[in-house]
Amino acid sequence: MLNTTKPVIMGILNITPDSFSDGNENFANTEFQLDKAMTMVKNGADIIDIGGESTRPGAEYIPADVEISRILPIITDLRAKSTIKISVDTNKAAVADAALTAGANIINDITGLTGDPAMLATIARHKAEVVIMHMQGTPKNMQQAPAYKDTLSDVLAFLDSQYHKAIAGGIEKEKIILDPGFGFGKRQEDNFLLMKNLDKFVATGQRVLIGVSRKSMIGNALKLPVTDRLEASIALAVMSYLQGAQIFRVHDVTATRRALDMIYMVNTH
């Protein structure tokens, strides 16, 4: 079946010094980050996903107050300048509360609502949207020895369980987004298997978010550095869209927007 839903582009804005792809010395420069966010808006982003803690493999935990101090200025400034949907990549309820109070709309939780027992209630209280992602382990240890009995069944079962917990906790069905979690506690064969079976996640009836931009599954397969993974990132986004995925978390907004919009236009012509 043709995917006739308009692709939703989520632009990545890392307010961190150590993210795998774009951590840099300008991470604390709010003017620099606001300009970067507004450029993504201009280039077709539907959502800006702001993260104040790196979730790359091996990343260290940082306290909630540090995370809040990193992201709050850019959320405030971006909300004052644009009506763009703002997502915050966090697994801490205190950070989520501060971000949603400041004007964010979505909490993107890599722990799938398992990391902080107060997270579900916080999101429900704010009537916000949530991305429930699957991850085995934590960012610090997730790639040390990932193992599954049945990768596809295990990931689907986790997302189904957390979906029902979210519903029971007061989050509305239409505000729940599912993410298989490419690269988060996954072997290369796991990533490939999930990519080939995205239609199973789409069949749940929930919106499906895909985050594969510049990831190591590309680097490992094609022996490419993180700075040279654009074409492969777009290829995986296209493959995902053709299987029914709707939201695409990307570094390269312009190129991904054009590629997916072209397919959308053909499919709806």
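Closest heavy-atom contact between P63 and K92: C-CE, 4.3 Å. Minimum heavy-atom separation, A102 to T76: CB-OG1, 4.3 Å. Nearest heavy-atom pair across A166 and I176 is CB-CD1, 3.8 Å. Taking every heavy atom of both residues into account, L194 and F182 meet most closely at CB-CE2, 3.7 Å. For the pair I84 and I47, the tightest heavy-atom approach, listed with the atom from each and the gap, is CD1-N, 3.8 Å. Minimum heavy-atom separation, T5 to Y241: O-OH, 2.7 Å.
Side-chain contact between Q136 and K186 is absent, with no heavy atoms from C-beta onward closer than 4.5 Å. Taking the side chain as every heavy atom from C-beta outward, K215 and R229 never approach each other to under 4.5 Å. Between F248 and M10, every side-chain heavy-atom pair lies at or beyond the 4.5 Å cut-off. A heavy-atom distance below 4.5 Å is found between the side chains of I263 and V238. Between V8 and Q246 the shortest side-chain heavy-atom distance does not fall below 4.5 Å. Here the side chains of P7 and D261 are in contact, with some heavy-atom distance below 4.5 Å. You'll find the side chain of L222 stays beyond 4.5 Å of the side chain of D228, heavy atoms only. The side-chain heavy atoms of I107 and L100, taken from C-beta on, include a pair separated by under 4.5 Å.
For the atom pair L159 CG and H164 NE2, the distance stands at 12.0 Å (nearest 0.5 Å). Y264 contributes atom OH, which lies 13.0 Å from atom NE2 of H269 (distance to the nearest 0.5 angstrom). Taking CD1 of I171 as the start and CZ of R125 as the end, the distance is 11.5 Å to the nearest 0.5 Å. Distance check, rounded to the nearest 0.5 Å: CG of D89 to CD1 of I15 gives 11.5 Å. From L72, atom CG reaches atom OG1 of T30 across 10.0 Å, with rounding to the nearest 0.5 Å. A distance of 11.0 Å separates CG of L193 from OH of Y148, quoted to the nearest 0.5 Å.
Annotation for V266: hydrophobic cluster partners, listed by chain and number, are M262 (ILVMFWY side-chain heavy atoms under 4.5 Å, direct or chained). I62 shares a hydrophobic cluster with V66; the chain of contacts runs through ILVMFWY side chains whose heavy atoms sit under 4.5 Å apart.
Residues forming a side chain to side chain contact (heavy atoms under 4.5 Å, CB included) with A121 (at least two apart in sequence, or on another chain): none. For F158, the ring pair (Phe, Tyr, Trp, His ring centres under 6.0 Å) partners at least two apart in sequence or on another chain are H134. Partners of S161 according to the side-chain hydrogen bond (donor to acceptor under 3.5 Å, both in side chains) rule, which considers only residues two or more places apart in sequence or in another chain, do not exist here. For N220, the side chain to side chain contact (heavy atoms under 4.5 Å, CB included) partners at least two apart in sequence or on another chain are Q188, S216. For L230, the side chain to side chain contact (heavy atoms under 4.5 Å, CB included) partners at least two apart in sequence or on another chain are I234, D252, A255. With sequence neighbours excluded, no residue forms a side-chain hydrogen bond (donor to acceptor under 3.5 Å, both in side chains) with S233. P117 is linked by a side chain to side chain contact (heavy atoms under 4.5 Å, CB included) to nothing, counting only residues two or more places apart in sequence or in another chain. Residues meeting the side-chain hydrogen bond (donor to acceptor under 3.5 Å, both in side chains) test with K165, sequence neighbours left out: Q162. Every residue meeting the side-chain hydrogen bond (donor to acceptor under 3.5 Å, both in side chains) condition with D190, not counting sequence neighbours, appears here in chain and number order: T151, R187.
Between the side chains of N43 and T254, a donor-acceptor pair is found at a separation under 3.5 Å. Side-chain atoms of T16 and N14 include no donor-acceptor pair closer than 3.5 Å.
Under the 3.5 Å distance criterion, the side-chain polar atoms of T122 are matched with a main-chain donor or acceptor of A118. In this structure, the side chain of R257 engages the main chain of G44 through a donor-acceptor pair within 3.5 Å. Looking at S153, its side chain never comes within 3.5 Å of a backbone N or O of D150 through a donor-acceptor pair. In terms of modelled atom types and a separation under 3.5 Å, the side chain of Y163 and the main chain of L178 share no donor-acceptor contact. The backbone N or O of I86 sits less than 3.5 Å from a side-chain atom of N105, completing a donor-acceptor pair. Judged by distance alone, the side chain of K223 and the main-chain N or O of G219 form no donor-acceptor pair under 3.5 Å. No side-chain donor-acceptor contact under 3.5 Å links T111 to the backbone of N91. D97 places no side-chain N or O within donor-acceptor distance of the main-chain N or O of A93, the cut-off being under 3.5 Å. The closest donor-acceptor contact from the side chain of D109 to the backbone of I132 lies at 3.5 Å or more, if one exists at all. K42 places no side-chain N or O within 3.5 Å of a backbone atom of M40 that could act as its donor or acceptor partner.
Here salt bridge (Lys or Arg N to Asp or Glu O under 4.0 Å) pairs that include residues 198-208, with residues two or more places apart or in two chains, are E129-R207.
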Passes side-chain hydrogen bond (donor to acceptor under 3.5 Å, both in side chains), K173 versus Q206? Steps please.
CA-CA 8 Å; K173 173 183 170 67; Q206 295 304 118; 2.8 Å; yes
Steps toward side-chain contact (heavy atoms from CB on, under 4.5 Å) verdict (T39, D35): CA-CA 6 Å; T39 297; D35 182 65; 4.2 Å; yes
task = Walk me through it: do N108 and T90 pass the test side-chain contact (heavy atoms from CB on, under 4.5 Å)?
result = CA-CA 6 Å; N108 183 5; T90 186; over 6 Å; no
Check the pair V130, K175 against side-chain contact (heavy atoms from CB on, under 4.5 Å), reporting the backbone distance first and the verdict last. CA-CA 6 Å; V130 62; K175 293 185 176 179; 5.9 Å; no
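Note on I247: it does not cluster hydrophobically with L13, by side-chain heavy-atom contacts below 4.5 Å among ILVMFWY residues. Residues V131 and I123 are members of separate hydrophobic clusters, defined by side-chain heavy-atom contacts under 4.5 angstrom among Ile, Leu, Val, Met, Phe, Trp and Tyr. Under the 4.5 Å side-chain heavy-atom criterion for grouping Ile, Leu, Val, Met, Phe, Trp and Tyr, I210 is not connected to I106 through any hydrophobic cluster. Hydrophobic clustering keeps I177 apart from I12 (ILVMFWY residues linked when any side-chain heavy atoms are closer than 4.5 Å, directly or through intermediates). One hydrophobic cluster, built from ILVMFWY side chains closer than 4.5 Å, holds both V95 and M119.
Between D46 and K6 no salt bridge is recorded (no basic side-chain N to carboxylate O distance below 4.0 Å). A salt bridge links D49 with R249; the closest basic N to acidic carboxylate O contact falls under 4.0 Å. Between R70 and E53 there is no salt bridge, since no side-chain nitrogen of the basic residue lies less than 4.0 Å from a carboxylate oxygen of the acidic one.
The local environment of CZ in R258 is sparse, with at most 12 non-hydrogen atoms from other residues, nucleotides or ligands closer than 6.0 Å.
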